[in-house]
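No experiment lies behind these values; they were computed from the predicted model shown. Within every chain, numbering begins at 1; the chains are lettered A, B, ... in the order of the sequence lines, protein sequences first and strands thereafter.
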Number of protein chains: 2
Amino acid sequence: MVEYNDATLDTLFHALGDSTRRGMLHELAGGERTVGQLAEPYAMSLAAAAKHIQVLEGARLVHKERRGRMHVCRLEPQALRRASDWLRYYERFWNTRLDVLENLLRDADAKASSTGAAGTRAPRRTPPPPKGKRS
Amino acid sequence: MVEYNDATLDTLFHALGDSTRRGMLHELAGGERTVGQLAEPYAMSLAAAAKHIQVLEGARLVHKERRGRMHVCRLEPQALRRASDWLRYYERFWNTRLDVLENLLRDADAKASSTGAAGTRAPRRTPPPPKGKRS
DNA sequence: GTTATATTCAACCATGCGGTTGAATATAGG
DNA sequence: CCTATATTCAACCGCATGGTTGAATATAAC
């Protein structure tokens, strides 16, 4: 059951699509950090860094907890796992040498279609991404 | 050797952070598809869908090849593998029951700090994301 | 050659994103 | 109480993104 809704994966991958945020995750892999600690390495305002952290929170990649006057963040690995699960669906394409086989088939096709016969492969659609519960 | 530069991962994860594009990848998992075929399920102009495909190309998730008057797309699994590799670094956080252990430690800490002694854990920084070759 | 099909290109538009600054809030410490 | 520290909030800005439309290009079909 690798079923996550679109919005979740959107925000998740969007959160991962920024090197500052990935850097913060990497830092959090070393243990809990305060907002200030996470922000410090970056050449941007604290407010900007804090926004990045909020994005990570929104994607449930990070949990923030107030402790006295500082807010400490911790990595929330389940979200990362969700991303990994999604990717796992495509694992067969690189794991088994299926891609090599694909290449051979494609090349054979190219040669075939250039010598005549059209539309040999890929005419069938998989059930269309059903408009609101995709991926 | 799981070393990819920031920009690559930025564009890669950004490309994955859109459900239309993920839907297209899913479709391409079924084999080669033309631009028109990929665009058809979506309630947007062909031009818009084509732009999505270009984003996928830019992230090297898809290879497009002109064949006659149509352009056929194929899945390029190495890029997906890159994303998977990046995630793998964090696998330990959810695979081994290390996260559970972490929870226990954290709770213990919370109790400890609420009963007195401050700043027990997480004072050490891992080497800071070195500003241009991070993640 | 003309027409239809498949796709791109260019200009444009609204919205969101990553950043800034300055003020507000809340806790800790002298 | 007053001040310093840690963080958020709100307003603003420039730029990228995701979408549109209409014209351009190239191949296929008649």
Do the side-chain N or O atoms of [X] get closer than 4.0 angstrom to the phosphate oxygens (OP1, OP2) of [N]?
X: B/Thr34; N: C/dA6; answer: no
X: A/Ser45; N: C/dG19; answer: no
X: A/Lys51; N: D/dC9; answer: no
X: A/His71; N: D/dT8; answer: yes

Atom pair distance, as rounded to whole Å: [atom1] in [X] and [atom2] in [N]:
X: B/Arg21; N: D/dT17; atom1: CZ; atom2: P; answer: 9 Å
X: B/Gln37; N: C/dA6; atom1: CD; atom2: C1'; answer: 12 Å
X: A/His14; N: D/dA16; atom1: NE2; atom2: P; answer: 15 Å
X: B/Glu57; N: C/dT7; atom1: CD; atom2: P; answer: 12 Å
X: B/Arg33; N: C/dA6; atom1: CZ; atom2: C1'; answer: 17 Å
X: B/Ile53; N: D/dT17; atom1: CD1; atom2: P; answer: 17 Å
X: B/Leu46; N: D/dA24; atom1: CG; atom2: C1'; answer: 15 Å
X: A/Arg67; N: D/dT7; atom1: CZ; atom2: C1'; answer: 15 Å

What's the closest nucleotide to the [X] side chain, out of [options]?
X: B/Lys64; options: C/dT8, D/dC9, D/dT20; result: C/dT8
X: B/Asp18; options: D/dG18, C/dT27, C/dA4; result: D/dG18
X: B/His52; options: D/dG18, D/dT21, D/dT27; result: D/dG18

Short side-chain to backbone donor-acceptor contact, [X] and [Y], under 3.5 Å:
X: A/Arg60; Y: A/Leu12; result: no
X: B/Tyr90; Y: A/Arg81; result: no
X: B/Arg74; Y: B/Glu32; result: no

### Query
Heavy-atom distance under 4.5 Å between the side chains of A/Arg22 and B/Phe13, does that happen here?
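Heavy-atom side-chain distance check passes, below 4.5 Å.
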### Task
Assign each of A/Gln54 and A/Met70 to its nearest nucleotide of DNA chain D by heavy atoms, then name whichever residue's nucleotide is nearer the 5' end.
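Per heavy-atom nearest nucleotide, the more 5' residue is A/Met70.
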### Query
Taking for each residue the nucleotide of DNA chain C with the nearest heavy atom, is it A/Arg69 or B/Arg69 whose nucleotide lies nearer the 5' end?
B/Arg69
### Message
Within the 4.0 Å heavy-atom criterion, would you say B/Ala48 contacts the bases, only the backbone, or no part of the nucleic acid?
### Response
base
### Passing candidate, side chain to side chain contact (heavy atoms under 4.5 Å, CB included) with A/Met24, options A/Asp18, A/Ile53, A/Val35
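In the set A/Asp18, A/Ile53, A/Val35, the residue that makes a side chain to side chain contact (heavy atoms under 4.5 Å, CB included) with A/Met24 is A/Ile53.
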